[in-house]
Amino acid sequence: MSAYTAASRAVFEIFRQTTPLVEGLSIDEAFLDVGGLRRLVGPPAEIAERLRREVRDRVHLPITVGVARTKFLAKVASGVAKPDGLLVVAPDGELAFLHPLPVERLWGVGPVTAAKLRERRIRTVGEVARLGEAALVSLLGAGTGRHLHALAHNRDPRAVQVGRRRASMGAQHALSRTPHAPTELDAILAGLVDRVSRRMRTAGRSGRTVVLRLRFGDYTRATRSHTVGKATADTTSLLAAARTLLRAALPEIDRRGVTLIGVSVGNLDDNPVQPELPFQPDPGSDLDAAVDAVRDRFGSAALTRAVLLGREPGVEMPLLPD
DNA sequence: TCTGGGGTCCTAGGACCC
DNA sequence: TCTGGGGTCCTAGGACCC
């Protein structure tokens, strides 16, 4: 576990001591629902100050807190208050706070959407709100248009969700623009699948959809996916699926060049154990368990796939006995 | 500035089934 | 035999987030 991960866990622990209603958003962001604590603990602003103090004293990190009636506005407030700040948006001052802000503050507005809005001379959240839903939908499509219209009026009915589980797990590797031989790409793929499948087994997850992510020489991207009938966290099975996808993409890679390979597994399930194990064991599950055990004890470099030998820094070709 | 790594959500078309 | 509607799943792409 990295120092960053350890600190993140410690901070989340402090959050959970304050309220059980904690929704992790990323390694360094979370929503806390403190609506029920007003009588017992005090107003949200006081709770926020206390959280900042505790994290500073116990984990020695600054945190920024945004307090508001909706998740969306709390996130905007914390974004405005960064770094190491606290901003409380009172219910009667929501739109006065929100409307002068630039459109980029809206959750879901990135460079593409911002550029489309700019073309219509829309620069602030207030201008988005005044534009009206129908005009936004015709400009940005139904999904984004309705979403932004609601946010611009601070309409965000989503509650804080506890215990949300990850929907996919993946790993990727950036490459130089020089040509790469199929064997080299295959070795990189094997290393990525190895990393992802191990993470899945550690987390007790298994998955059905293998996604191969490619970025070509011109930095455009493409994905190829394959879904199997039964969820697995078995390295051999996942690698077989990934290899099929890579083989099919090789002609295109050959033409356009490749600057990134990624593998992720989606359709994640909570049950990595195969119920019919005594009769139809996964071909590689025993091997995976043995490899995981060795790595748990001796570190992740202790064992590697033959296809990777001599490619990863720090991994030496072993001396074979005569 | 351009090009690191790990994710989420939405949309759309096609296949398939009833 | 053909047509139609509705639903689900899979695949692919795109935009966005930290």
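Reminder, nothing fancy here: chain letters follow the sequence lines and each chain counts from 1. Fair warning: this is a prediction, and the values are worked out from it, not measured in the lab. Computed over heavy atoms, backbone and side chain alike; hydrogens, waters and symmetry mates excluded.
Per the geometry, NE2 belonging to A:H173 stands 11 Å off C1' belonging to B:dG5, to the nearest Å. Counting to the nearest Å, the P atom of C:dC16 and the CG atom of A:L25 are 17 Å from each other. As rounded to whole Å, 11 Å separates atom P of B:dG4 from atom CZ of A:R177. A straight line from CD of A:E104 to C1' of C:dA15 spans 14 Å, rounded to a whole angstrom.
OP1 or OP2 of B:dT3 has not a single side-chain nitrogen or oxygen of A:R221 nearer than 4.0 Å. Under 4.0 angstrom from either OP1 or OP2 of B:dT8 there lies at least one side-chain N or O belonging to A:S168. For the pair A:T227 and C:dT11, the criterion of a side-chain N or O lying under 4.0 Å from OP1 or OP2 is met. The side chain of A:R213 places no N or O atom within less than 4.0 Å of a non-bridging phosphate oxygen (OP1 or OP2) of C:dG13. Checking the phosphate oxygens (OP1, OP2) of C:dA12, a side-chain nitrogen or oxygen of A:S225 falls inside 4.0 Å.
Nucleic acid contact for A:L106: sugar-phosphate only, since backbone atoms but no base atoms lie under 4.0 Å from a heavy atom of the residue. Note on A:V109: only backbone sugar-phosphate atoms sit closer than 4.0 angstrom, heavy atoms only; bases stay farther off. Residue-level contact check: A:R195 touches the backbone only, with heavy atoms under 4.0 Å from sugar-phosphate atoms and none from bases. A:K75 comes within contact range of the sugar-phosphate backbone alone, with a heavy-atom separation under 4.0 Å but no base atom that close.
Per the stacking criterion (ring centres < 5.5 Å, plane angle < 30°), A:W107 does not stack onto the base of C:dC17.
Distances from the side chain of A:A222 to the nucleotides C:dG13, B:dG6, C:dA15 place C:dG13 closest. Side-chain proximity of A:N267 to the nucleotides C:dC10, C:dA12, B:dG5 is greatest for C:dC10. When the nucleotides C:dC16, B:dT3, C:dC18 are ranked by their closest atom to the side chain of A:T113, C:dC16 comes out on top. Listed nucleotides B:dT3, B:dG5, C:dT11 differ in distance to A:L260; the shortest reach to its side chain belongs to B:dG5. Considering only side-chain atoms of A:A174, the nucleotide from B:dG5, C:dC16, B:dT8 that sits closest is B:dG5. Closest to the side chain of A:A171, out of C:dA12, B:dT3, B:dG6, is B:dG6. Closest to the side chain of A:P111, out of C:dC16, B:dT8, C:dC10, is C:dC16.
A donor-acceptor pair shorter than 3.5 Å can be found between the side chains of A:S26 and A:D28. A:T235 and A:R201 share a donor-acceptor pair across their side chains, judged by distance under 3.5 Å alone. Under the 3.5 Å distance criterion, with hydrogens and angles disregarded, a donor-acceptor pair is assigned to the side chains of A:T220 and A:R256. Looking only at atom types and distance, the side chain of A:T232 has no donor-acceptor partner in the side chain of A:S206 under 3.5 Å away.
Separation of the C1' atoms belonging to C:dT3 and B:dC17 is 16 Å when rounded to the nearest angstrom.
For the side chain to side chain contact (heavy atoms under 4.5 Å, CB included) test, residues two or more places apart in sequence or in another chain that qualify with A:N154 are A:R69, A:T70, A:F72, A:L73, A:E94, A:L95, A:L98.
Pairs engaging residues 209-233 of chain A under the ring-ring contact (aromatic ring centres under 6.0 Å, His included) rule: none recorded [sequence neighbours left out].
A heavy atom closer than 4.0 Å to some atom of DNA chain B occurs in A:G143, A:R164, these being the qualifying members of residues 143-164 of chain A.
Rounding to the nearest 0.5 Å places CD of A:Q172 at 8.5 Å from CG of A:L192. To the nearest 0.5 Å, atoms CZ (A:R215) and OG1 (A:T259) are separated by 3.5 Å.
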